[in-house]
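Have a look at the structure below, then the notes.
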Amino acid sequence: MEGGQGSVDPARLAKMRAMAAEGLDPYGGRFERTAAADDLHRAFDAWSGRTVRVAGRIRAIRGHGRMTFADLEDATGTIQLQFTADGLGEEAYRRLEWLDLGDVVGAEGTVFRTRAGEPTVGVASWRMLSKSLRPIPSRFYGLRDVDLRQRQRYLDLIANPSVRRAFELRSRMVARLRRFLDQRGFVEVETPILVPLAGGATARPFRTHHHALDLDLSLRISIELHLKRLIVGGMERVYEIGRVFRNEGISTRHNPEFTMLELYQAYADLRDMMELVESMVHDLALHLTGGPIVDCQGTRLDTTPPWPRVWLLEALEAACGVRWLEVEDDAEARAKARALGVEVDAAASRGHVLDKLVAHFVEPELVQPTFLLGHPVEISPLAKALPDRPEVADRFEAFVLGRELANAFSELNDPIEQRRRFMAQVEERRRTASEEIPDPDEDFLQALEYGMPPTGGLGVGVDRLAMLFTGATSIRDVILFPLQRPEPPAEPAPEGAAGRAGAGEGEA
RNA sequence: GCGCGCGUAGCUCAGCUGGUAGAGCAGCUGACUCUUAAUCAGCGGGUCGUAGGUUCGAGCCCUACCGCGCGCACCA
């Protein structure tokens, strides 16, 4: 039997029906609370002796004959309830036999301290708000099965308090991110996810189809080309925080759908983007951790600007001796990589090999926040070249803990050069049979031809940023419902069998 | 896609060189009016991921498949 996938617990079902038979709704409605669990601990003196209404999930029951204690958990914490036969009356006390771990109840009573000093609600009346028909995970052993934790995230949230804290932190981080950008005059926009042509990055897209228009569509792999159209249109500072989709492998750092922040600032360049990233991450650190230091997986990361700048081609030469601009063609690039013990695909292009070499020799060294800059133009088709070095792009990637956190460049706004770059990509695709290189986006080229101001652009992996601040080792720890294969066995409708037995399949 | 590992009760886990499955918690029954991982007495609970194979005998060995994790590859 798959964990958590069995049918409902017959004993709980029987209790639920017994309640209903006595005219008590096991799935109650609105319940007005006057305090949260945490209030009663923090402000006990103010509450002591007063009547309070609390609601939440039952996490523990301790029966003592004619008196019963229970722990009630809400979003803020846990408060103890005390039920006594003397206080409730025999009839109401007897109804406690319907109560199970995991039930959601509302209770009203008087706040007091037990002999042991525990703030407690002495219950005068209580109501079932939702009868739990399945056992919830053990409070003390938690839920460890990684698959189940993601498949049934609600159980993970119930069993493992740190999970909720991590997602709340992510929420605060994104809220702060928006605030930071709004204060700098950026306008948040939403652009299409369903697109005829998925461009702005190299990745295999997901394909889909619109029936009414009989139109093949893809899910976007980046936000870039739409946001730049807005820059052309005179929106000088725009950003979008949204989902992008790449039809690629899954790993501790990759989910097929993930959240990107992309922003574009007219009349700015790479220098402005560096300052922006530094300030933004520093700002997040101050607000989320209270200081500039982020402790991530045992490493103290100092986000204080300015971050070190490392020139990519120089770092590569220092690390493995390859003078990249002297590499003639794809074949020589592959040979050099293999000579250094780096495996590359037989059809790999120069640019692809460079990515591999940098990932292998340079990136792991970039632990503290660092800018790696000056990528070759050949792997930066949307970036402006340096004025004095046409083969080097005015581009950086920001790294932390050896992981790429951001990617930025001075945007290429020359439509003729942009078209040339797209054509070079088409040529590379033809050479390498790559499925990741998109077709040239003619509509985007047309926009550039109307004139795009010089612009600085930036992309940030929001999930990875969340990993940094939560200390997560897997991207799945910061995505509530990461992509998973569906459960194989179709489960029959739980409880339906008992409820409808003999009644046929007729539906009202 | 390739490699390695894992899959045993609702949950967390044991299970020896192969001899027919265990604990704690949860559940059920009973006792108990200040407990808080309550305590005490008793009870039930398993197609050992699935399907084959080897063997007198398989949770354990072999094969395939399914699922998950990790690493590699792809990428952010």
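Every chain is numbered from 1 and lettered A, B, ... according to where its sequence line falls, protein lines coming before strand lines.
rC2(B) and rU12(B): their P atoms are spaced 30 Å apart (whole Å). Going from the C1' atom of rG18(B) to that of rA58(B) covers 6 Å, rounded to whole Å. rA21(B) and rG45(B) are spaced 13 Å apart, taking the C1' atom of each and rounding to whole Å. The separation of rU17(B) from rU55(B), taken at their C1' atoms, amounts to 16 Å, rounded to a whole angstrom. Nucleotides rG24(B) and rA31(B) place their C1' atoms 22 Å apart, quoted to the nearest Å. Taking atom C1' on both nucleotides, rU8(B) is separated from rU50(B) by 15 Å, rounded to a whole Å. With P as the reference atom, rC13(B) and rC65(B) are 28 Å apart, rounded to whole Å. Comparing the C1' positions of rU36(B) and rG10(B) gives a spacing of 23 Å, expressed to the nearest Å.
What separates CD of Gln150(A) from C1' of rC70(B) is a distance of 13 Å, to the nearest Å. Atom CZ of Phe69(A) and atom C1' of rC32(B) are 13 Å apart (whole Å). What separates CG of Leu101(A) from C1' of rU36(B) is a distance of 13 Å, to the nearest Å. With rounding to whole Å, Leu143(A) atom CG is found 14 Å from rG69(B) atom P. Whole-Å rounding puts the Leu148(A) CG to rU12(B) P distance at 7 Å. rC11(B) atom P lies 9 Å from atom CD of Gln152(A), rounded to whole Å. Atom NE2 in His360(A) sits roughly 11 Å away from atom P in rC74(B) (whole-Å rounding). Computed from coordinates, the Asp147(A) CG to rG69(B) P distance equals 6 Å when rounded to whole Å.
Considering only side-chain N and O atoms, Lys356(A) lies nowhere under 4.0 angstrom from the phosphate OP1 or OP2 of rC72(B). One finds no side-chain N or O of Arg62(A) lying less than 4.0 angstrom from the OP1 or OP2 phosphate oxygen of rU35(B).
Side-chain contact, Gln80(A) with Thr114(A): no donor N or O sits under 3.5 Å from an acceptor N or O. A donor-acceptor contact closer than 3.5 angstrom is absent between the side chains of Gln82(A) and Thr120(A).
Across all strands shown, rG27(B) is found opposite rC43(B) as a Watson-Crick or G-U wobble partner, with both distances under 3.5 Å. For rC2(B), the paired base is rG71(B) (Watson-Crick or G-U wobble, both distances below 3.5 Å). rA9(B) makes up no base pair with any nucleotide shown, lacking Watson-Crick or G-U wobble contacts both under 3.5 Å. Pairing for rA14(B) is absent, judged as Watson-Crick or G-U wobble with the two contacts each under 3.5 Å. With a cut-off of 3.5 Å on both Watson-Crick or G-U wobble distances, the partner of rU35(B) is given as none. Using the Watson-Crick or G-U wobble rule with both distances under 3.5 Å, rG19(B) pairs with rC56(B). Nucleotide rA51(B) has rU63(B) as its partner under the Watson-Crick or G-U criteria, with both atom distances under 3.5 Å.
The residue Asn247(A) sits apart from the nucleic acid: no heavy atom pair falls under 4.0 Å. Looking at heavy-atom distances under 4.0 Å, Gly459(A) makes no contact with the nucleic acid at all.
Ranking rU35(B), rC34(B), rC13(B) by closeness to the Arg144(A) side chain, first place goes to rC13(B). Closest to the Arg151(A) side chain, of the nucleotides rC68(B), rC72(B), rU36(B), is rC68(B). Ranking rC74(B), rC28(B), rC34(B) by closeness to the His352(A) side chain, first place goes to rC74(B). Here the nucleotide nearest the side chain of Pro135(A), chosen from rC72(B), rG10(B), rU12(B), is rG10(B).
A donor N or O paired with an acceptor N or O is found under 3.5 Å between the base of rU35(B) and the side-chain atoms of Gln80(A).
One finds a salt bridge joining Glu91(A) and Arg95(A) here, because a Lys/Arg side-chain nitrogen approaches an Asp/Glu carboxylate oxygen to under 4.0 Å. At a threshold of 4.0 Å, the pair Glu397(A)-Arg403(A) does not count as salt-bridged, since none of the basic side-chain nitrogens sits closer than that to a carboxylate oxygen. Comment: Arg430(A) engages Glu427(A) in a salt bridge, judged by a side-chain N to carboxylate O separation of less than 4.0 angstrom.
In this structure, Glu190(A) places its CD atom where only 12 or fewer heavy-atom neighbours from other residues, nucleotides or ligands lie under 6.0 Å away.
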message: Show, in sequence, the C-alpha distance, side-chain angles and deciding distance for Ser162(A) and Asn160(A), and conclude whether the side chain to side chain donor-acceptor pair (under 3.5 Å) test is met.
response: CA-CA 6 Å; Ser162(A) 66; Asn160(A) 303 312; over 6 Å; no
